[in-house]
Protein chains: 2
Amino acid sequence: MNLKQLSETLGLSQTTVSRALNGYPEVAEATRLRVQQAARRYGYQPNIGAQRLARGHSRTIGHVIPLSTQHEMVNPVFADFIAGAGERYSAAGYDMQLTIVEDRREEEIYVEMKSQGKVDGVIVHGPLMDDPRIPFLADLALPFVVHGRASDCKTPYSWVDVNNVRAFERATDFLISLGHSRIGIINGLEHMDFAHRRLHGYEAAMFRAGLTSDPTWHYAGEMTEINGYRAMKDILSHPVHPTAVVVSSYISTLGVRRALDEAGLKVGRDVSVITFDDDLSYLRNGEDIPIYTAIRSSVRQAGRLSADMLIHQIENPGSPPTNHLLEAALIVGGSTGPAPQE
Amino acid sequence: MNLKQLSETLGLSQTTVSRALNGYPEVAEATRLRVQQAARRYGYQPNIGAQRLARGHSRTIGHVIPLSTQHEMVNPVFADFIAGAGERYSAAGYDMQLTIVEDRREEEIYVEMKSQGKVDGVIVHGPLMDDPRIPFLADLALPFVVHGRASDCKTPYSWVDVNNVRAFERATDFLISLGHSRIGIINGLEHMDFAHRRLHGYEAAMFRAGLTSDPTWHYAGEMTEINGYRAMKDILSHPVHPTAVVVSSYISTLGVRRALDEAGLKVGRDVSVITFDDDLSYLRNGEDIPIYTAIRSSVRQAGRLSADMLIHQIENPGSPPTNHLLEAALIVGGSTGPAPQE
DNA sequence: CCGTAATTTCAAAGCGCTTTGGGTGGCGCA
DNA sequence: TGCGCCACCCAAAGCGCTTTGAAATTACGG
């Protein structure tokens, strides 16, 4: 059933039917009701392609997921972020389009999206320190919101981010307050903006406490279980090793635990661990009592916020970029304890 | 730049330009070349909405992710499946649309997709034993491929699935061959079809070996880390407990390990563990040497296959449903060993 | 009872593409 | 020379919706 048929059965023009259905005021309430009922009865659904063509926008939001050809890894927080954003899209009547693309082709995809009118806006995932995508998109005039930030970017843009500096500062401070002085960090890849900020927060806390941070206590790499395991194992291999570590991801932390178990060290007694906890639905950090002491910020919530901001931006063209800085909560669990006496 | 403008600058009709660009034979090669060059030069991209309207299909494939209101959990294998499917969509010129929806509204979404012409086909995730979505979609005449199967469904349909029965049979057989006789299973929710099959495979192997399976050695629940931990802890709480377990997910296995560590039991010596390994990019089961003995089948590969099958089905309407049964490999790692002597 | 304004409805012109159903013009062949 | 046949190109008619501009109807004050 299409508009024409519906309008014919109703004995009205397409104009009136369209207006009745789209809530325009210039149609009598009685008529509107009649039209709505008929639409329901005959299961009329406007053709989306035709609507897009006529309206000039797609009510679709794009997420482009770059897949680096070396790593071929999909960020595990992605599923939860999408779930959060998706909730909001559904509520606001938007569709979500996902594109998996080799990272070197990402800009090309944006151009295509823009000029084909595929999407009304995009969410940018996993920004680097100086991410070329941001000026590029700003230039394209395609509305976008970044999940994270790009430190070296001067042009203003909209973003949703966790206060990573502060989160790692607090985590480190907490360990220091427990008497730890040799503290390691197992971080993400350092060209990723979030990892850079986390390192920064950690270093600031160490410096303020007058502690030095041995480079052999640092690790930066993709945040997989294996890498967490390797990093911890490597850190332990040095004669003088840390009594505590802060870890950038819950998944890496699982590897860290494995390495500690293997070395016969008890988490929270021999080595304290604080993890960053994205509050993933399938990796809850305990329920009432947390397993790990953690700095927690829900990535799902970040997804919701990003979606809301982007929709606002799309529906209010010309509105200035907005930001949202989420504070991570420091949650005390069983993985931290006083520094062991030497 | 749109078709009209492009054709005007070229001094050709829209027809010819459209045909040249879409590879129709009735245009001179020289003209085609000229058109293609001009299109590139001016960055012409056909408007997607217009194309859809004119062609009558959307070149979009839908994935609807049901979010059960109780659990609110996004299946972690989902990201990898999507990545695999997404590769193929890109290559074939299809877009991917994701919809997050409360499970009770799922059918409504399908109707909408179909009648609005939003998508040309859909992938069905996480089928239940007797999944109402399958007859529903078959009825709708919307092409679809199921990732998994629905045991109780009589109408034929296309699916891609792992041979879950055989995988768990082999895993159990392997444990039996190592001398284990008390073997537990930590499974997914049993109304999920895959979990049902896995249980079945496990039971078949036990039965064939003349072993009985104590119900206190069984667990069925959402496959999170926490649940793995709880399940293992619970299993260990009984005076006579299993010396080996098969676990339905890598993530649960991480919880299982935690419970074993906490109990002072060594994986592979005191308790043998075999896990199902979806070969997730962020949770690799070791690299050269596997951490866990596992039955492995790449969910990403399943994504690729599903996408290929669906595209084929869309482009060849009326072709009969096809199936693809993947065999999981049994990979021996360090988490299994001979049954401990009592 | 009429002029004016407000309300309600409509016909038709897009939106940008594909596709049908012709037209040219040039060539070979009788 | 004339005919038929390709090879190439075109005008125009959709696809199903929105929206403009105008017409028809009703309401109302003088």
Side-chain angles (χ1 to χ4, degrees), chain A residues 1-36 38-39 42-60 93 95 111-120 315, chain B residues 1-39 42-60 93 95 112-120 315:
Chain A
M1 166 76 67
N2 60 22
L3 224 212
K4 193 170 169 196
Q5 294 166 341
L6 182 63
S7 62
E8 276 164 5
T9 44
L10 276 164
L12 287 171
S13 74
Q14 297 191 34
T15 313
T16 307
V17 176
S18 170
R19 286 191 164 145
L21 258 19
N22 292 312
Y24 282 68
E26 52 271 80
V27 42
E29 266 325 298
T31 317
R32 188 191 306 281
L33 231 68
R34 199 157 68 89
V35 171
Q36 283 171 341
Y42 298 113
Y44 167 74
Q45 301 270 142
N47 177 294
I48 208 80
Q51 224 167 28
R52 285 182 184 177
L53 181 55
R55 299 220 246 238
H57 57 241
S58 62
R59 277 194 98 78
T60 296
D95 288 333
V111 174
E112 198 182 296
M113 284 181 157
K114 168 75 181 182
S115 53
Q116 293 189 149
K118 270 189 186 173
V119 302
D120 294 340
E315 296 181 351
Chain B
M1 167 78 65
N2 61 20
L3 222 213
K4 193 170 169 197
Q5 295 166 340
L6 182 64
S7 62
E8 276 164 5
T9 44
L10 276 164
L12 288 169
S13 74
Q14 296 191 37
T15 311
T16 307
V17 175
S18 171
R19 285 188 166 149
L21 258 19
N22 292 312
Y24 282 71
E26 54 273 79
V27 41
E29 264 326 297
T31 316
R32 189 190 305 281
L33 231 68
R34 199 158 66 89
V35 171
Q36 282 171 342
Q37 278 169 4
Y42 298 113
Y44 167 73
Q45 302 270 143
N47 177 293
I48 208 79
Q51 224 166 29
R52 284 180 186 178
L53 180 55
R55 299 219 247 239
H57 57 241
S58 62
R59 276 195 99 76
T60 296
D95 287 333
E112 197 182 296
M113 284 181 158
K114 167 78 179 179
S115 54
Q116 294 189 147
K118 270 190 187 175
V119 302
D120 294 338
E315 296 182 351

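We use all heavy atoms of the structure for the numbers below, so side chains are in, but hydrogens, waters and symmetry mates are not. Residue numbers begin at 1 in each chain, while the letters A, B, ... track the order of the sequences. Note that this is a predicted model, so its numbers are computed, not measured.
- Taking atom NZ on B:K4 and atom P on C:dA13, their separation rounds to 14 Å, with Å as the unit.
- When the side chain to side chain contact (heavy atoms under 4.5 Å, CB included) test is applied to B:K118, the partners found at least two apart in sequence or on another chain are A:I48, A:D95, B:Q97, B:E112, B:Q116.
- For A:A54, there are no side chain to side chain contact (heavy atoms under 4.5 Å, CB included) partners, not counting sequence neighbours.
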Please test B:L21 against B:Y44 for side-chain contact (heavy atoms from CB on, under 4.5 Å), starting from the C-alpha separation and ending with a verdict. CA-CA 11 Å; B:L21 258 19; B:Y44 167 73; 3.7 Å; yes
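- With sequence neighbours left out, A:A50 forms a side chain to side chain contact (heavy atoms under 4.5 Å, CB included) with A:N47, B:L53.
- Considering only the side chain of A:L12, C:dC10 comes nearest among C:dT18, C:dG14, C:dC10.
- Between the CG atom of B:N47 and the P atom of C:dT18 there is a distance of 10 Å, rounded to whole Å.
- Going from atom OH of B:Y24 over to atom P of D:dC9 covers 16 Å, rounded to whole Å.
- Contacts between residues 15-23 of chain B and DNA chain C, counted as heavy-atom distances below 4.0 Å, involve B:T15, B:S18, B:R19, B:N22.
- Residues that satisfy the side chain to side chain donor-acceptor pair (under 3.5 Å) test with B:D120, not counting sequence neighbours, are B:S58.
- A:E26 is linked by a salt bridge (Lys or Arg N to Asp or Glu O under 4.0 Å) to nothing, counting only residues two or more places apart in sequence or in another chain.
- Interatomic distance, OG1 of B:T15 versus OH of B:Y24, reported as 11.5 Å (0.5 Å rounding).
- Evaluation of the side chain to side chain donor-acceptor pair (under 3.5 Å) rule for B:T9 yields no partner, not counting sequence neighbours.
- Summary for the helix from C:dC1-D:dG30 to C:dA30-D:dT1: the axes at its two ends, each from 5 pairs, differ by 50° when rounded to the nearest 10 degrees.
- Here C:dT18 presents its C1' atom at 10 Å from CD of B:Q14, a figure rounded to the nearest Å.
- Taking only side-chain nitrogens and oxygens, A:Y44 never comes nearer than 4.0 Å to OP1 or OP2 of D:dG16.
- Ranking D:dT18, C:dC10, C:dT18 by closeness to the B:Q51 side chain, first place goes to C:dT18.
- Atom P of nucleotide C:dG16 and atom NE2 of A:H57 are separated by 14 Å, given to the nearest angstrom.
- Going from atom CD of B:Q36 over to atom CD of B:E29 covers 8.0 Å, rounded to the nearest 0.5 Å.
- Residue pairs that meet the salt bridge (charged side-chain N to carboxylate O under 4.0 Å, His left out) test with at least one member in residues 10-21 of chain B, sequence neighbours left out, do not exist here.
- One finds a side-chain N or O of A:T31 lying less than 4.0 angstrom from the OP1 or OP2 phosphate oxygen of C:dT9.
- Note on B:G11: only backbone sugar-phosphate atoms sit closer than 4.0 angstrom, heavy atoms only; bases stay farther off.
- With C:dC10, D:dC17, C:dC17 as the candidates, the nucleotide lying closest to the side chain of A:A54 is D:dC17.
- With sequence neighbours left out, the side chain to side chain donor-acceptor pair (under 3.5 Å) criterion links B:T16 to B:S13.
- Whole-Å rounding puts the B:E29 CD to D:dC9 P distance at 11 Å.
- Side-chain atoms of B:L3 lie closest to C:dT18 of the nucleotides C:dT9, D:dT18, C:dT18.
- Residue A:E26 places its side chain closer to C:dT8 than to any other of C:dT8, D:dC9, C:dA11.
- Residues satisfying the side chain to side chain donor-acceptor pair (under 3.5 Å) test with B:R59, not counting sequence neighbours, are none.
- One can place CZ of A:R55 at 16 Å from P of C:dG16, the figure rounded to the nearest angstrom.
- Summarising the geometry, the separation between CD on B:E8 and P on C:dG16 is reported as 12 Å, rounded to the nearest angstrom.
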Sub-3.5 Å pairs of nitrogen or oxygen atoms, protein against nucleotides 24-26 of chain D:
none

